[in-house]
There are 2 protein chains.
Amino acid sequence: MNASEPRGRKPRADVQRNRAVLLETAQRHFLRHGVGTSLEAVAKEAGVGPATLYRHFPTREALLAAVLQTRSEELVAHQAKIEQLGHSAEALEQWLRAMESYFSAYSGLPEPLMAAARAQKPDSPLTIPCDILIAATDRYVEAAQRAGHVRASVRGYDLFLAACSIAWIKGNDTEEESLDRLRSLIASGYLERDMQA
Amino acid sequence: MNASEPRGRKPRADVQRNRAVLLETAQRHFLRHGVGTSLEAVAKEAGVGPATLYRHFPTREALLAAVLQTRSEELVAHQAKIEQLGHSAEALEQWLRAMESYFSAYSGLPEPLMAAARAQKPDSPLTIPCDILIAATDRYVEAAQRAGHVRASVRGYDLFLAACSIAWIKGNDTEEESLDRLRSLIASGYLERDMQA
DNA sequence: ACCTGAACACCGTTCAAGT
DNA sequence: ACCTGAACACCGTTCAAGT
């Protein structure tokens, strides 16, 4: 119950517009300059004072979480495709790739996501998307384990961490070939022996 | 051939002292506040002007590389111990752990090391220590491969990347248990099947 | 040859004043 | 209720002036 919330009533038109412009501008700046981009520059290009940005998004992470919303929906859409795949081990692999892309959206994104995943910081706005991803990974892992394709010792959280790491490495301009070798090394780690190439 | 170098002559006493104090102060600040610590604060606590720090260490990475020198020597010492181990697969594992500790020395250290490892930035002062570590990892990997303990597809660079990632994850306060699971997942990835527990 | 401290530019964050 | 722009604190980096 927040007293400053006008319960149920529509926000003023300029407020809605400011929020939309800030989000769009922020996304562009995150894309070009990474998650550490200057918030002052974002506000200026959005045509608002810095304090307006802070009112809408009290922390950098709050802004980041809001911007990621769109991308999260794409991920969910991708899940629908994966589900029709049938083969649970391939589904898991595709899911890991999809997460990796998600983590690679903006340079420097893996860092705050990782920090939010282990909920030491009580409630970062990024904790929610992370928890959703981890839960989804758990489902894929468990399905593949029931089919006998993935070792029993593996947990979804492990592969979430692995995907995040790969995205982090990718962010530092490593060549795709090294990434592929690392990916297949990890796959050899979680697949049952008889599933390995 | 640098004209400003007084070839062969000893540097002035105050220069030597400044350098030593800067290194010691910087190490303390890196330890407490991570590699992103304020260089201004380092200079102030070392009792010199900011420009003096910049003269000695033109970039943050140069300062970092100089501070890491000491730690590198500890690593080499550890290598001597490992060499007496006999078992090449265990030697490799211990070496990976030693690198991991090295990467975890200061919070935020994996990031610049990773950037330097892939020599896109022509010559970061961190490229040299990285190349040394990669070469050493290659030797351990090849020895273990000759003994039939490690898969032929694995390269030292892959495991260097993996160790760096683990250190990065560790830096974000993940619990030790998750790290252990990830470590053993990676081990299952590089060990030959008959070597796995 | 080296050092000092002032100077400049930039950024995050907050606050008094407006509408 | 929301916005604005000034203000404050902090930092990286450079430069003129000193010794």
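Order of the sequence lines fixes the chain letters, A, B, ..., with proteins taken first and strands second; residue numbering starts at 1 for each chain. These numbers come from the heavy atoms of this one structure, side chains and all, not from hydrogens, waters or symmetry mates.
One interatomic measurement links the two molecules: CD of Q16(B) to P of dC2(C), which rounds to 11 Å at whole-angstrom precision. Rounding to whole angstrom units, CZ of residue F57(B) and C1' of dG12(D) are separated by 17 Å. The CG-P distance, from L53(B) to dT14(D), rounds to 12 Å in whole Å. One interatomic measurement links the two molecules: CZ of R17(B) to P of dA1(C), which rounds to 23 Å at whole-angstrom precision. Computed from coordinates, the D14(B) CG to dT19(D) C1' distance equals 11 Å when rounded to whole Å. Between the CD atom of E40(B) and the C1' atom of dA6(C) there is a distance of 12 Å, given to the nearest Å. L63(B) places its CG atom 11 Å from the P atom of dG12(D), with the value rounded to the nearest Å. Nucleotide dA6(C) holds its P atom 11 Å from the NZ atom of K44(B), rounded to whole Å.
Relative ring orientation between H33(A) and H29(A) is described as tilted, the plane-to-plane angle lying within the 30° to 60° band. Between Y106(A) and F30(A), the angle of the ring planes lies from 30° to 60°, which puts this pair in the tilted group.
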Inset, instruction - Could you give me the CA-CA distance, side-chain angles and deciding distance for W168(A) and M114(B), then say whether side-chain contact (heavy atoms from CB on, under 4.5 Å) is met? - result: CA-CA 10 Å; W168(A) 174 70; M114(B) 188 65 141; 3.8 Å; yes
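Using modelled atom types, one finds no donor on one side chain facing an acceptor on the other under 3.5 Å when comparing T25(B) with E45(B). No side-chain N or O of Y140(A) forms a donor-acceptor pair with one of E93(A) less than 3.5 Å apart.
Of the side-chain N and O atoms in H56(B), none sit less than 4.0 angstrom from OP1 or OP2 of dC2(C). Note on S38(B): every side-chain N or O is 4.0 Å or more away from OP1 and OP2 of dC10(D). Of the side-chain N and O atoms in N18(A), one or more sit less than 4.0 angstrom from OP1 or OP2 of dC3(D). Distances shown here put a side-chain N or O of T52(B) below 4.0 Å from the OP1 or OP2 atom of dT4(C).
For A51(B), the side-chain atoms get nearest to dT4(C) when compared with the rest of dC3(D), dT4(C), dC3(C). Distance from the side chain of R55(B) is smallest for dC2(C) among the nucleotides dT13(D), dC2(C), dT4(D). If you check dT14(D), dT4(D), dT13(C) against the side chain of Y54(A), the one that comes closest is dT13(C). Each of dC3(D), dT13(D), dC11(D) was ranked by its minimum atom distance to the side chain of P50(B); first place goes to dT13(D). Across dT14(C), dG12(D), dT4(C), the shortest atom-to-atom separation from the side chain of L39(B) is found for dG12(D).
Between C130(A) and A116(A), the closest heavy-atom pair is SG-CB, 4.3 Å.
Counted within 6.0 Å of CD on Q84(B), heavy atoms from surrounding residues, nucleotides or ligands total 12 or fewer; the atom is thus considered open.
In this structure, G47(B) reaches the sugar-phosphate backbone alone: every heavy-atom distance under 4.0 Å involves primed, P, OP1 or OP2 atoms, never a base. Across all strands shown, T59(B) has no heavy atoms under 4.0 Å from either base or sugar-phosphate atoms.
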Legend entry - Watson-Crick and G-U pairing of DNA chain C, under 3.5 Å, as dot-bracket with | and [ ]: ||.|||||...|||||.||
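Looking only at distances, a side-chain donor or acceptor of D158(A) sits under 3.5 Å from a matching main-chain atom of R155(A).
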